Protein chains: 2
Amino acid sequence: MKIATWNVNSIRTRLEHVADWLEQNPVDVLCVQETKVVDKDFPHSKFEALSYHTYIYGQKSYNGVALLSKKPLEQVSTGFTSILPELDPIWDEQKRVITGVIDSCRILNLYVPNGSEVGCDKYEFKLGWLTVLRKYLQALLLENPNICMCGDFNIALEDRDIHEKADIKNHIMSSDAERQALKNVLELGFADAFRKFTNEAGHYSWWDYRAMAFRRNMGWRIDHHYLTTELYERAVSCVIDKAPRKLEKPSDHAPVIVEF
Amino acid sequence: MKIATWNVNSIRTRLEHVADWLEQNPVDVLCVQETKVVDKDFPHSKFEALSYHTYIYGQKSYNGVALLSKKPLEQVSTGFTSILPELDPIWDEQKRVITGVIDSCRILNLYVPNGSEVGCDKYEFKLGWLTVLRKYLQALLLENPNICMCGDFNIALEDRDIHEKADIKNHIMSSDAERQALKNVLELGFADAFRKFTNEAGHYSWWDYRAMAFRRNMGWRIDHHYLTTELYERAVSCVIDKAPRKLEKPSDHAPVIVEF
DNA sequence: GCAAATGTAG
DNA sequence: CTACATTTGC
């Protein structure tokens, strides 16, 4: 089974890129982030024409996630509160979480808050969101031993995941508190699929639009597949496809594909 | 000699349309309105590559006029105040006037204010601007017996120049005061080149982007060539080229070409 | 309906 | 650097 994750930075603007990529890379499930579209305007038909089922959780302008799946998904749910009803609804005001089950494997598609800059209100929201994610996963794990948690985490967990080694501790996406908050999540029993196969630095999934970052390979590896033990054992590959980032008007992220 | 006028609604957005059109229609002078660009950002090189000289008078976001000429122009000047220095400088805050001489013929390229709606401040400004234009022309005529005054006049002088005959008197671009203000200008000795050759209604140069106006030919003839007597006698054709209005992302105006 | 500017987010 | 919303102008 192949599961891909891709922050497309607007599904409508990137519609041709995403459809073309799916035709070339007929993965079982594509986890999409930053759809930036309300549900009534999601371009279902383009993906239905490629024989994909669509599951969406969108909002106006910002955020928004979707699952595109060859086979129908089961037990689809959106947001934290559908699993944790007692939760403060503020955690679902931004649409960042969608999940479904395929072949007894729960696919969890996340768009973790960016956090803007270390110490600001959005940064605190990001850290809080990750503690909510931990609780949410504890609930999921009770029912689902096999979870593929993927998406745009907006965190580079290790220095080898970042091109720039200077001032990492004060930078958003690599500060100690962010890394620790993510480690606290992973400690529930998740491992990084990409690092099962590749140990070197220099592999990234996101390059800022500014300063010709892609041409200079000044990137960050912030899009991940975190797998529970059995799935991690079964994993046979995890690769970043830089090709779509080279197209005209690309997303700033590249798709990442795991096979298990 | 062929002189064209075309409100391009942003020279940068329409750069390919205008360059392609000039290649297909190598007129001697193209008078451009609504360039919407400051002088330092005008795309000179595109037109120089087509062997055109460029003379510009632009501003940020709004208005802006340009002359594109195969042969160098002489006595180029911009704004009313360069000819009428005693004039209140408010009349040149908006960049709407550029002129130059070729083969003893003065080409005057105008972007007359739109006026928004009858009776408002902008409407009064439009009427005032036309009285200033009259004074400006009186000065020009002292030196130049042959003047081709063209551009976007934002006035349809006769009912046959408008698709819609209802409520014309209260509509911007066809109110009595606007028509009279323009007639007062023309009375200095100008005649409408287009009407030398075509008497029927149904010929327009502008169609609103809204309500599928072009598809329904709900247009207005507001882009004109007004010629002094000798030029009018020499004129051999005056045609509206609707082809560019049919392209993807067109200007709302079509070019109009006079030959004399 | 379009184009441009501004502001926000990333 | 890019995407989207909003405002202004036509």
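The sequence lines fix the lettering, A, B, ..., with proteins before strands; numbering per chain opens at 1. Keep in mind that what you see is a predicted model, and the values were worked out from it rather than measured. Heavy atoms only: backbone and side chains are in, while hydrogens, waters and symmetry mates are out.
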Considering only residues two or more places apart or on different chains, which pairs with a residue in residues 211-222 of chain A satisfy salt bridge (charged side-chain N to carboxylate O under 4.0 Å, His left out)?
A:D161-A:R221, A:D192-A:R221
The complete set of salt bridge (charged side-chain N to carboxylate O under 4.0 Å, His left out) pairs with one or both residues in residues 108-127 of chain A, sequence neighbours excluded, reads A:K126-A:E178
Using only atom types and a distance under 3.5 Å, with no angle test, would you say the side chain of A:N109 pairs donor to acceptor with the backbone of A:A66?
yes
Residues in side-chain hydrogen bond (donor to acceptor under 3.5 Å, both in side chains) with B:E158, at least two apart?
B:R160
Under the side-chain hydrogen bond (donor to acceptor under 3.5 Å, both in side chains) test, residues paired with B:K242 that sit two or more places apart:
none
Under 4.0 Å from any heavy atom of chain A: name the first and the last nucleotide of DNA chain D that qualifies, 5' to 3'.
D:dC1 to D:dT6
If the plane angle is over 60° it's perpendicular, under 30° parallel, otherwise tilted; pick one for A:W207 and A:F214.
perpendicular
B/S/- contact track for nucleotides 4-10 of chain C, protein heavy atom under 4.0 Å:
SSS--SB
Quick one: which of B:L68, B:L22, B:I3, B:V258 gives a side chain to side chain contact (heavy atoms under 4.5 Å, CB included) with B:V27?
B:L22
